[in-house]
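Report on the structure given below.
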Amino acid sequence: MNYIKNLNKGVKYMLIASFTFAIMGAFAKLSSESISSLEVVFFRNIAGVLIVGFAILKKPMSHKGGKPLLLFFRGFMGFVALLAFFYNIAHISLGDAMTYSKTSPIFTAIFAWLFLSEKLPPKAWIAIFVGFIGIVFITEPSGIGFSKYDLLGIFSGIGAALAYTSVRELKSYYDTRAIVLSFMLVGTIGPIILFLISPYFNEPELDFLLSEFIMPKGVVWFYLLAMGIFATISQLLMTKAYGETKAGIVGAVSYTNILFSIMVGVMLGDALPSLTSTFGIILIVLAGIMVAKAK
């Protein structure tokens, strides 16, 4: 118990965010059985806009600002990464979709080194590589070349990494809620534009970008509401985590989301992990412990 109390704040925030993000993924997968992944992204973000907007009304933001382009960049990269991520959630197992997206901590460490001049202790770098090896075991790669899901998965990791790295810089200029709101506003307006132009294109391979809007019915509304609530909670905690601790370290801790997602996915009907996947899970958890100790 004392060890948990002594954990860095950023590590604590990310652990909780990883769990709530897995729950969000479950509701997104359930919603995707009735509506397109683009529409799921739309409702996920519009719910967040309402929740964060209400929080801002209750307690107005206070920040100096001055980085509008970087704020938009954070929102845009988060949005396009989310499009790819939700498409994978709709078409493959929850654990696999989350595993692909969790390549982002590796890219985050690289981008933080390139753009923010951050230095990581050797143990943190080892933890990141251990986490990556764990991901390889979980995905159990086979065959030659990359599938559509592989490419979208890798893109979701790169896009998310760029978004998360920008948070580190934005934290000095903007209220946490403003950073989250930038992402959710772009993620609300973007789908509306794509819905409007979709009828003019007939490109099956771009179904992750273009689709018809279908009004949700019945229990789907509950799934969408729950998804929006858990997504907003997770996003706020993630943003706070990246503001508290070095991007590469927090990114490594976020690997625990894979463990949570596989557990939730099994509850939804996904197959139990194989022995190879189980070994990968152990490496992921080990990476989280190593990076916490390194910090």
Side-chain angles (χ1 to χ4, degrees), residues 17 20-21 23-25 27-32 34-61 63 65 67-90 97 101 152 155-156 159-160 162-164 166-167 170 174-201 206-217 220-240:
T20 55
F21 200 67
I23 300 300
M24 180 280 294
F27 284 113
K29 192 170 186 66
L30 290 170
S31 300
S32 298
S34 302
I35 59 179
S36 70
S37 54
L38 176 62
E39 196 168 336
V40 173
V41 170
F42 170 72
F43 281 109
R44 175 249 193 264
N45 284 303
I46 197 170
V49 169
L50 294 175
I51 293 172
V52 176
F54 178 75
I56 292 174
L57 286 176
K58 294 287 288 185
K59 183 182 178 182
M61 294 185 293
H63 53 240
K67 296 282 185 177
L69 291 179
L70 185 60
L71 193 64
F72 173 77
F73 175 80
R74 185 270 180 272
F76 180 76
M77 293 309 304
F79 166 56
V80 293
L82 196 67
L83 277 179
F85 173 55
F86 271 53
Y87 183 84
N88 270 359
I89 282 183
S101 73
L152 288 174
F155 177 76
S156 71
L162 287 169
Y164 294 152
S166 66
V167 168
L170 288 168
Y174 292 97
D175 186 295
T176 297
R177 294 167 298 171
I179 300 172
V180 173
L181 191 60
S182 71
F183 164 51
M184 293 183 171
L185 277 175
V186 175
T188 300
I189 298 171
I192 293 175
I193 295 173
L194 291 172
F195 285 135
L196 292 174
I197 67 174
S198 290
Y200 303 99
F201 294 89
L206 296 179
D207 58 341
F208 63 95
L209 282 176
L210 306 170
S211 68
E212 177 187 0
F213 180 86
I214 300 174
M215 186 60 68
K217 296 179 181 179
V220 179
W221 282 113
F222 169 74
Y223 295 154
L224 291 171
L225 177 62
M227 178 190 66
I229 292 172
F230 279 102
T232 302
I233 292 172
S234 178
Q235 191 66 42
L236 285 168
L237 288 170
M238 282 187 197
T239 302
K240 289 180 71 67

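Hydrogens, waters and symmetry mates are skipped; everything else that's a heavy atom, side chains included, is used. For this chain, numbers begin at 1 and follow the sequence in order.
When all heavy atoms of A160 and A81 are compared, the closest pair comes out as N-CB, 3.5 Å. The heavy-atom pair separating F155 from A84 by the smallest distance is CD2-CB, 4.1 Å. In terms of heavy-atom proximity, L185 sits nearest to V49 at N-CG2, 4.0 Å. Counting all heavy atoms, side chain and backbone alike, V41 lies closest to L83 at CG2-CD2, 4.0 Å. For the pair V220 and P216, the tightest heavy-atom approach, listed with the atom from each and the gap, is CG1-CB, 3.8 Å.
Applying the side chain to side chain donor-acceptor pair (under 3.5 Å) rule to S198 yields no partners; only residues at least two apart in sequence or on another chain are considered. In this view, A28 and M24, V40, F86, I89, M227 satisfy the side chain to side chain contact (heavy atoms under 4.5 Å, CB included) rule, not counting sequence neighbours. Take L196 and apply the side chain to side chain contact (heavy atoms under 4.5 Å, CB included) test, not counting sequence neighbours, and it matches I192. For S36, the side chain to side chain donor-acceptor pair (under 3.5 Å) partners are S211, not counting sequence neighbours. Residues satisfying the side chain to side chain contact (heavy atoms under 4.5 Å, CB included) criterion with F208, sequence neighbours excluded, are Y87, K148, L152, L206. Applying the ring-ring contact (aromatic ring centres under 6.0 Å, His included) rule to F85 yields the partners F21; only residues at least two apart in sequence or on another chain are considered. For I46, the side chain to side chain contact (heavy atoms under 4.5 Å, CB included) partners at least two apart in sequence or on another chain are F42, F43, T188. Residues that satisfy the side chain to side chain donor-acceptor pair (under 3.5 Å) test with Y223, not counting sequence neighbours, are absent from this structure.
A distance of 12.5 Å separates NZ in K217 from CD1 in I35, rounded to the nearest 0.5 Å. Between the CD1 atom in I179 and the NZ atom in K240 there is a gap of 10.5 Å [rounded to 0.5 Å]. Between atom CG of residue L194 and atom CD1 of residue I189 there is a gap of 12.0 Å, rounded to the nearest 0.5 Å.
Side chain of Y174 to backbone of K67: a donor-acceptor contact under 3.5 angstrom is found. Judged by distance alone, with hydrogens and angles left aside, the side-chain atoms of S234 form a donor-acceptor pair with the main-chain N or O of A17 at under 3.5 Å.
Within the structure, salt bridge (charged side-chain N to carboxylate O under 4.0 Å, His left out) pairs that include any residue of residues 48-57 do not occur (at least two apart or interchain). The stretch residues 176-194 participates, sequence neighbours left out, in these salt bridge (charged side-chain N to carboxylate O under 4.0 Å, His left out) pairs: D175-R177.
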Starting from the C-alpha separation in whole Å, work towards a yes-or-no answer on side chain to side chain contact (heavy atoms under 4.5 Å, CB included) for L38 and L209. CA-CA 7 Å; L38 176 62; L209 282 176; over 6 Å; no
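Under the 4.5 Å side-chain criterion, counting only non-hydrogen atoms from C-beta, R44 is in contact with L82. Side chains of F27 and I229 form no contact here, defined as non-hydrogen atoms less than 4.5 Å apart. Counting only heavy atoms from C-beta outward, the side chains of S156 and N88 never approach each other to under 4.5 Å.
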Could you tabulate the donor-acceptor pairs under 3.5 Å formed by side-chain atoms of residues 72-79, not counting sequence neighbours?
none

